[in-house]
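So you know, we letter chains A, B, ... as the sequences are listed, proteins then strands, and number each from 1.
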Amino acid sequence: MTEASAPPAATATATETVTALRPGVLGTNAARPDGVPKVQGRFAFANDLWAENMLWGATLRSPHPYARIRSVDVTGAWKIAGVEAIVTAEDVPGQPTYGLIRQDQHVFASGYVRFRGEPVAAVAADHPETCRRALEAIVVDYEVLTPLTDPEEAIAGTREPIHPDGNLIRHQRILCGDPEATGPIVVEGTYEMGMQDQAFLGPEAALAVPDDDGAGLELYIATQWLHEDRKQVAACLGLPEERVRLVLGGVGGAFGAREDISLQVHCSLLALRTGRPIKMQYGREESFYGHVHRHPAKIWMRHSASAAGEIIKIEARMVFDGGAYASTSPAVLINGVTHAQGPYRCANAIVDGYATRTNNPPCGAMRGFGVVQACFAHEGQMDKLAAAAGLTPVEVRLRNAMRTGDPLITGQPVDSVAPVERCIRETDALPMPPDLASDADVLSLPGGTGRTADRGHVVRGVGYGVAIKNLMYSEAFDDYSTARCQLNDGVVTLKFATAEVGQGFLMLAQQIARTILGVDDVMLDTIDTQIGSSGSTSASRQTWMSGGAVDAACRKVRELLFEAVADRYGLPALQLAIEGTDVVDTIGTLRVPVGEASMGLRLDETVEYRHRPTEDLDENGQGNCHVAFAFVAHRAVVDVDPELGLVKVVQIATAQDVGRALNPLSVAGQIEGGIAQGLGLAVMEEIVVTDGMVRNASFTDYLLPTTLDAPTVVFSLIEEPDPQAPLGAKGVGEPPCISVTPAIAAAIRDATGRDIRRVPVRPQDICLA
Amino acid sequence: MSVLTPSTIDEVLAHLAERPEALLLSGGTDVMVEINMAHRKAPAEVVALRRVEQLRLWRHNPSSEGTGGTVTIGSGLPYAEMEHGPLAELFPALAEAARTVGSPQIRAAGTLGGNLGTCSPAGDGLPVLFALDAIVHLRSIGGQRDVPVADFMVGVKQNVLEPGELVTGVTMPIRHGWQGYSKVGVRNAMVIATASACLAMDRDRGAVTLALGAVGTTIIRCRDAEGWLAGELDLSAEPLDISDAVAQEFGRRAAADARPIDDHRSTAAYRGHAVGVLSSRLLRRAAA
Ligand SMILES: Cc1cc2nc3c(=O)[nH]c(=O)nc-3n(C[C@H](O)[C@H](O)[C@H](O)COP(=O)(O)OP(=O)(O)OC[C@H]3O[C@@H](n4cnc5c(N)ncnc54)[C@H](O)[C@@H]3O)c2cc1C
């Protein structure tokens, strides 16, 4: 064929644009290096860890939510053959307590147990079954006390402190503008959210291998933040940090539940005690007791608005129950109160937030981190406001939508790109699902396989939710990430301590290096503490933070490469660029493949990337406490069987502000997964706690959505690169799960006319309320 | 732990006679969960039934009186084989119940023998057996007993099985008339019933039977609602005409028979309400 190439098709689709890029670079759907092994079952998760001569560890937990420990008698357990170590509070060599923000939880309960499931002792033995029998043989004499389970009692201060630090973990007030401001429309409501579990599929697991000299160890661990774990483990063991080396074990999901210490210290301590490798892993039930959950919350809000539906003032009282220990409650609370206004302009506010300490299960980080609770409340309010102002849910949200530069109620200007209006409009423009057919398959109706409904029993509803979510760590935290890039003979090797928990950072790091350095093969070094911290894989921060660090390290190496090439060919380095996989002279003719250009070179750069500093809030809740923000809108279409109170979420439409889609397929994965998690919170996922006791610590009764519960998802990515973000990309992990929950609740209200104030929505809330 | 893998019923009975405390293992979908959750101690001895072909069969027993006869279903037949095919055509309610059990993996392993062995009021097979007046066949080395299912299940996870006894199967009459099963759970698949109901018409006898699950210590047969409906209408008439008022009253009476409780899965009030709704809806389907 000698014909000139055909003119480009008038309508290039997104996929065509993507395939025009070099495979594997930023912007493509590059494959995950861990993807195929995970799908084929060959990936080694932390539960699969094994070492020669290893012992098993297991934890004894409190059966009571609140009790004084009179004595712990381990003599019976020592009589069991195969038991090699038994440790209790007395055996902790270093700092007796740990905690992410405040070190208020004992490694093993000392004096008191403050929640059902609190660790009291641990054993090491030759077999898990021996461990189980040894735990049974430990006699703990408890004086059972009346648990404090009502957060309001914790706030009122009417009960004796259940902990030396008191029953209130944190109170924060926000006062903004004129507290007397008001308007012709006033709407109020009280909103409640149950306790959700992260329910990652790979329960907690670790392998601790002691050093030969017994003065250090290596801990293979499924975690979200190796360096923070190391800090806490070393402190509790009384070892210098350099004698505690952490290596990332295969992580089977995290969602916040691996931020806190669970079995890290126990496992390490047993290894040091026995001088043998110790394997510990939780089963599903123990996992429910072994990690923190999403805070249950009760939020009262009152919105004052103009007759046109413009928000004039918000008032809120937000109560987050932190349970027995602080974990990240202080930070979760701050996220809650600082997001009380939602993605809407608001000049006046009075917000009071409380994080309480009770004898309920400890709560801490979970995807959305305090914003999920706030969003459920403010979105319920927006619908009330719409009704009062005679607007549609979409109109009221558009009318109040925040824009770049608008101030938050903390006084902080939102200088991130804030395409709230676009999020709403593009969500609304996505196609609606077809009407429910008159001969619809019973499996597609509410009730699914239970065949409870016929077509005539089903009504449809539509609801909206919009969210703002902060990205990265807040309140003056020194938040940074480290990465090292080496280029030797055409091969790039990256090293970082970034926990890959399933979000796809391995793939992203490779994409960055391919793009910046023009190489195809990118090796990834072991993820461990042999390099500086990468911070936590949470707060939607790793693409920005570790992505930023990898990007910066690769750029530095590229400069070195250009200098070397410039030297060799007598050209100014500034004239050089990477084009495809070549180094090219942008104004001359030189073109050398990177492989050849880097032959014999040993280029090596390590970079610490920091986001801009943030401030603490003052006593009136004023201050630039957050780094950046992302936005999202959701529209839910649900079918409800009002008589039985059963729900089928038919479709979720969403437009998300992603800055830039570095790997569109991966973004889609976050969107679909986040929606499933938010749907779970809307209609089924709840840890049921009565009198401090968890009633459903199993997947038999803690219900996660199945494929029959998962909706069709249609989405649109809003790509307005954020100039602050190193790659233009905002974190995409949390926003998908935030406003979907209120959107579903709103759709149920729309379908049934019921005043839904609580999620998860239970059938009786719909049909018997 | 020792696991015996007999291949005939006689071998099973001989093993059981020697070790009456041995645990019978059918699909294991209840047993393994109980052991993993430490609700049951790992047994010293297990008699596994998977290789006993006789327990995995079903057969049609023609009747001498010219009616449809009966069907005997082996206690080891997995749910997957009840979902479709000739057995499903004979007992549509059983097929619907089987399709609601767990996931495909659970249905490939789980059996009626296990559902009867566990005897949970939320077991999905049980309301069907109750509505169809099933006879449970029990055998031990000492002989055979045939027990109506309503006498077999005596409480929450309690039945009249004696040590050394095996459920070999159940026998149910083939009925002429619509039958169906409905179950409420908070998830659209793979969920334990918070309330369930099975309704079966018996057009030849002009009768209806209704059994409720998860709303009492045993499955509940709604004799009052059944008798009331048969008195109200000629249930052998074709076509059957059910008014809204009749369906509602039937549901109301069914709900009145329920003895639900509050627990972490639901409330008594909701369960009572739900079985009423299910019962009316099933009746409407029967007439559709
Ligand atoms: C994920 C999951 C989902 C589930 N979902 C459902 C559901 O939706 N609906 C439902 O009803 N159940 C459900 N179950 C429970 C279980 O699948 C059923 O009860 C099933 O019928 C048990 O059958 P099996 O053959 O597996 O019993 P097994 O576990 O083998 O045995 C259960 C009990 O019966 C005894 N037993 C077994 N066979 C005999 C026999 N022939 N004679 C005497 N005793 C015997 C055993 O000794 C044991 O005590 C679920 C279980 C799981 C794990």
Side-chain angles (χ1 to χ4, degrees), chain A residues 129 132 135-136 283-286 442-454 456-457 639 641-649 680 683-690 693-710 760-769, chain B residues 1 30 33-34 36-39 41-42 83 92-93 95-104 107 122 124 180-198 248 251 262-278 280-282 284-285 288:
Chain A
E129 184 58 22
R132 197 189 55 75
L135 295 182
E136 266 177 24
R284 181 56 58 191
E285 184 185 11
E286 188 169 17
V442 65
L443 291 189
S444 69
L445 301 179
T449 58
R451 310 178 67 86
T452 48
D454 298 309
H457 300 126
D639 282 342
D641 174 347
E643 207 182 355
L644 283 175
L646 300 180
V647 177
K648 161 81 186 182
V649 181
V683 295
M684 64 181 84
E685 287 190 43
E686 180 172 10
I687 299 184
V688 180
V689 181
T690 34
M693 302 293 276
V694 174
R695 310 269 307 275
N696 57 340
S698 79
F699 280 173
T700 305
D701 285 317
Y702 183 88
L703 299 181
L704 295 162
T706 68
T707 176
L708 264 190
D709 301 285
V761 182
R762 297 160 298 198
Q764 60 267 30
D765 299 337
I766 296 174
C767 67
L768 297 183
Chain B
M1 185 193 301
D30 275 325
V33 174
E34 285 169 14
N36 284 339
M37 299 285 292
H39 295 158
K41 265 207 166 144
E83 290 180 58
E96 291 180 358
R99 281 182 220 130
T100 78
V101 174
S103 59
R107 299 197 286 275
D124 284 315
Y181 180 75
S182 268
K183 144 176 161 184
V184 171
V186 181
R187 179 158 73 183
N188 287 317
M190 232 199 39
V191 68
I192 293 178
T194 43
S196 65
C198 179
Q248 286 213 344
D262 282 328
D263 67 10
H264 59 280
R265 289 188 191 135
S266 190
T267 63
Y270 177 74
R271 287 187 158 111
H273 166 79
V275 282
V277 173
L278 292 182
S280 326
R281 289 186 181 179
L282 285 170
R284 300 304 301 262
R285 281 183 199 167

Report summary line: Most heavy-atom pairs under 4.5 Å with chain B, out of Val647(A), Leu445(A), Asp641(A), belong to Asp641(A)
Report summary line: On a heavy-atom basis, the closest approach of Ala697(A) and Met37(B) is O-CE, 4.4 Å
Report task. Quick one: do Arg285(B) and Asp454(A) satisfy salt bridge (charged side-chain N to carboxylate O under 4.0 Å, His left out)? Show the steps, please. Result -> CA-CA 9 Å; Arg285(B) 281 183 199 167; Asp454(A) 298 309; 3.0 Å; yes
Query raised in the report: Any side-chain heavy atom of Arg281(B) within less than 4.5 Å of one from Leu644(A)?
Result: yes
Query raised in the report: Highest number of heavy-atom pairs under 4.5 Å with chain B: which of Thr706(A), Asp709(A), Leu768(A)?
Result: Asp709(A)
Query raised in the report: Do Ser182(B) side-chain atoms and Arg451(A) backbone N/O form a donor-acceptor pair below 3.5 Å?
Result: yes
Query raised in the report: For chain B, which of Val688(A), Asn696(A), Asp701(A) has the most heavy-atom pairs under 4.5 Å?
Result: Asp701(A)
Query raised in the report: Given that the side chain runs from C-beta out, which part of Leu646(A) has a heavy atom under 4.5 Å from chain B: side chain, backbone, both or neither?
Result: side chain
Report task. Identify which part of Arg265(B) has an atom lying under 4.5 Å from any heavy atom of chain A, answering side chain, backbone, both or neither. Result -> side chain
Requested in this report: Find out whether Met190(B) and Thr707(A) are in side-chain contact, i.e. whether some heavy atom of one side chain is under 4.5 Å from a heavy atom of the other.
Outcome: no
Query - Residues in residues 268-277 of chain B that sit under 4.5 Å from chain A, counting heavy atoms only - result: Ala269(B), Tyr270(B), His273(B), Ala274(B), Val277(B)
Report summary line: Bottom line for Pro446(A): the part with an atom under 4.5 Å from chain B's heavy atoms is backbone
Query raised in the report: From Glu285(A) CD over to Asn36(B) CG, what is the distance, rounded to the nearest 0.5 angstrom?
Result: 10.5 Å
Query raised in the report: Can you check whether Leu704(A)'s main-chain N or O pairs, donor with acceptor, with Arg187(B)'s side chain at less than 3.5 Å?
Result: yes
Report summary line: Smallest heavy-atom separation, Ser266(B) atom then Gln764(A) atom, equals OG-OE1, 4.4 Å
Query raised in the report: What are the two closest non-hydrogen atoms of Ala189(B) and Leu708(A), and how far apart are they?
Result: CB-CD1, 3.7 Å
Report task. Identify which of Thr690(A), Thr452(A), Leu443(A) forms the greatest number of heavy-atom pairs closer than 4.5 Å to chain B. Result -> Thr452(A)
Query raised in the report: Do the non-hydrogen side-chain atoms of Val186(B) and Val683(A) ever get within less than 4.5 Å of each other?
Result: no
Report summary line: Closest non-hydrogen atoms of Leu703(A) and Val191(B), given as atom of the first, atom of the second and distance, are CD1-CG2, 3.9 Å
